[in-house]
Amino acid sequence: MTAATRESLRKTRREAEGYLELGLPEHALRSLRRRSDLIYHDARGCYLVGETLRELQLYSQAVRPLQRALELIPDDVHAWMALGWCYKRIGRIEMAIDSLEHALAVEPGLAVLHYNMACYCSLARRRRLALQHLGDALDIDGNFRDFLAYETDFAPLRTDPGFRGFLGEAT
């Protein structure tokens, strides 16, 4: 890759990131697609395409660029988490769980990964694993407790004594 090509790629990524920060994902996607020839070979660029599509709620379309980002950098925790997010929203909960297992193998101390895994395991009716990951998330960052009462993903656990204990309710 020439210096000019690298610079063009860097500018494209920076432009897309700027649009995303401004809440303009349509513009970010347009920028990235203009340079799709370069983006396809760049992990960060592929991740940005996936993130942009995710923000546009085009979850099934976001899967492929996120997978490509992971082909280029297999230990990208953010790409694994985004991929899991998309899989959950297209009804592929087992694939969402698999994605977060990869992310947790790379970064086991990240509370948001444990919290999201608890959500996905709850939806998959894996009660014990959901409670284990929820406990891990709360041990790492107790602020996640604030979301428990309102998190719809935990509906399958609402009556579970272990879950009620996390809410501080008597069991």
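- No more than 12 heavy atoms of other residues, nucleotides or ligands sit less than 6.0 Å from atom NE2 of His78.
- Within the model, atoms CD1 of Ile39 and CZ of Arg33 stand 12.0 Å from one another, a figure rounded to the nearest 0.5 Å.
- Taken from CG in Leu134 to CG in Asp139, the straight-line distance is 9.5 Å, to the nearest 0.5 Å.
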- Item | Full working for salt bridge (charged side-chain N to carboxylate O under 4.0 Å, His left out) between Arg10 and Glu7 | CA-CA 5 Å; Arg10 189 182 64 73; Glu7 180 61 18; 2.3 Å; yes
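- Between Asp160 and Arg158, none of the side-chain N atoms (NZ, or NE/NH1/NH2) sits under 4.0 Å from a carboxylate O, so this pair counts as no salt bridge.
- Taking both residues in full, the closest heavy atoms of Glu107 and Leu113 are given as O-CD1, 3.5 Å, listed atom of the first, atom of the second, then distance.
- The shortest side-chain heavy-atom distance between Leu56 and Gln61 does not fall under the 4.5 Å cut-off.
- Atom CD of Glu94 is separated from atom SG of Cys121 by 8.0 Å, given to the nearest 0.5 angstrom.
- In terms of heavy atoms, Asp75 sits closest to Val106 at O-CG1, 3.5 Å.
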- Show the numbers, then the answer: is there a side-chain contact (heavy atoms from CB on, under 4.5 Å) between Asp42 and Thr12? CA-CA 11 Å; Asp42 179 68; Thr12 299; over 6 Å; no
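- Between the CG atom of Leu24 and the CZ atom of Arg30 there is a distance of 9.5 Å, given to the nearest 0.5 Å.
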- Query: Hey, mind stepping through Arg54 and Tyr59 against side-chain contact (heavy atoms from CB on, under 4.5 Å) and telling me if it holds?
  - Reply: CA-CA 5 Å; Arg54 189 172 75 95; Tyr59 305 119; 4.0 Å; yes
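- Between Leu72 and Ala43, the shortest heavy-atom contact is CD1-N, 3.4 Å.
- The structure places OG1 of Thr2 at 10.5 Å from CG of Leu9, a figure rounded to the nearest 0.5 Å.
- Under the 4.5 Å side-chain criterion, counting only non-hydrogen atoms from C-beta, Phe154 is in contact with Cys119.
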- Query: Does the side-chain contact (heavy atoms from CB on, under 4.5 Å) test come out yes or no for Phe144 and Val112, once each step is laid out?
  - Reply: CA-CA 8 Å; Phe144 279 97; Val112 69; 3.9 Å; yes
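- Side chains of Lys88 and Ile93 form a contact here, defined as non-hydrogen atoms less than 4.5 Å apart.
- Checked by atom type and distance alone, the side chain of Arg35 never pairs as donor or acceptor with a backbone atom of Ser31 at under 3.5 Å.
- The nearest pair of heavy atoms linking Ile140 to Pro108 is CD1-O, 4.3 Å.
- With hydrogens and angles ignored, the 3.5 Å screen pairs no side-chain donor or acceptor of Ser122 with any backbone N or O of Ala130.
- Applying the side chain to side chain contact (heavy atoms under 4.5 Å, CB included) test between Leu157 and each of Leu131, Leu148, Leu123 identifies Leu131 as the sole match.
- Using a 4.5 Å cut-off on side-chain heavy atoms (C-beta onward), Pro25 and Leu20 make contact.
- Salt bridge present: Arg34 and Glu15 bring a charged side-chain N and a carboxylate O closer than 4.0 Å.
- Smallest separation of non-hydrogen atoms from Cys46 and Arg68: SG-CG, 3.4 Å.
- Summarising the geometry of Gly50 relative to Ala62, their closest heavy-atom pair is O-CB, 3.4 Å, with the distance given to 0.1 Å.
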- Task: Report the C-alpha distance between Tyr120 and Tyr87 in whole Å, list the side-chain angles of each, state the deciding distance to 0.1 Å, and finish with yes or no for side-chain contact (heavy atoms from CB on, under 4.5 Å).
- Result: CA-CA 10 Å; Tyr120 301 166; Tyr87 280 141; over 6 Å; no
- List the steps and the verdict of salt bridge (charged side-chain N to carboxylate O under 4.0 Å, His left out) for Glu51 and Arg44. CA-CA 10 Å; Glu51 274 295 290; Arg44 179 70 182 157; over 6 Å; no
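- Within a 6.0 Å radius of CZ in Arg92, no more than 12 heavy atoms belonging to other residues, nucleotides or ligands are found.
- Between atom NE2 of residue His133 and atom CG of residue Leu104 there is a gap of 6.0 Å, rounded to the nearest 0.5 Å.
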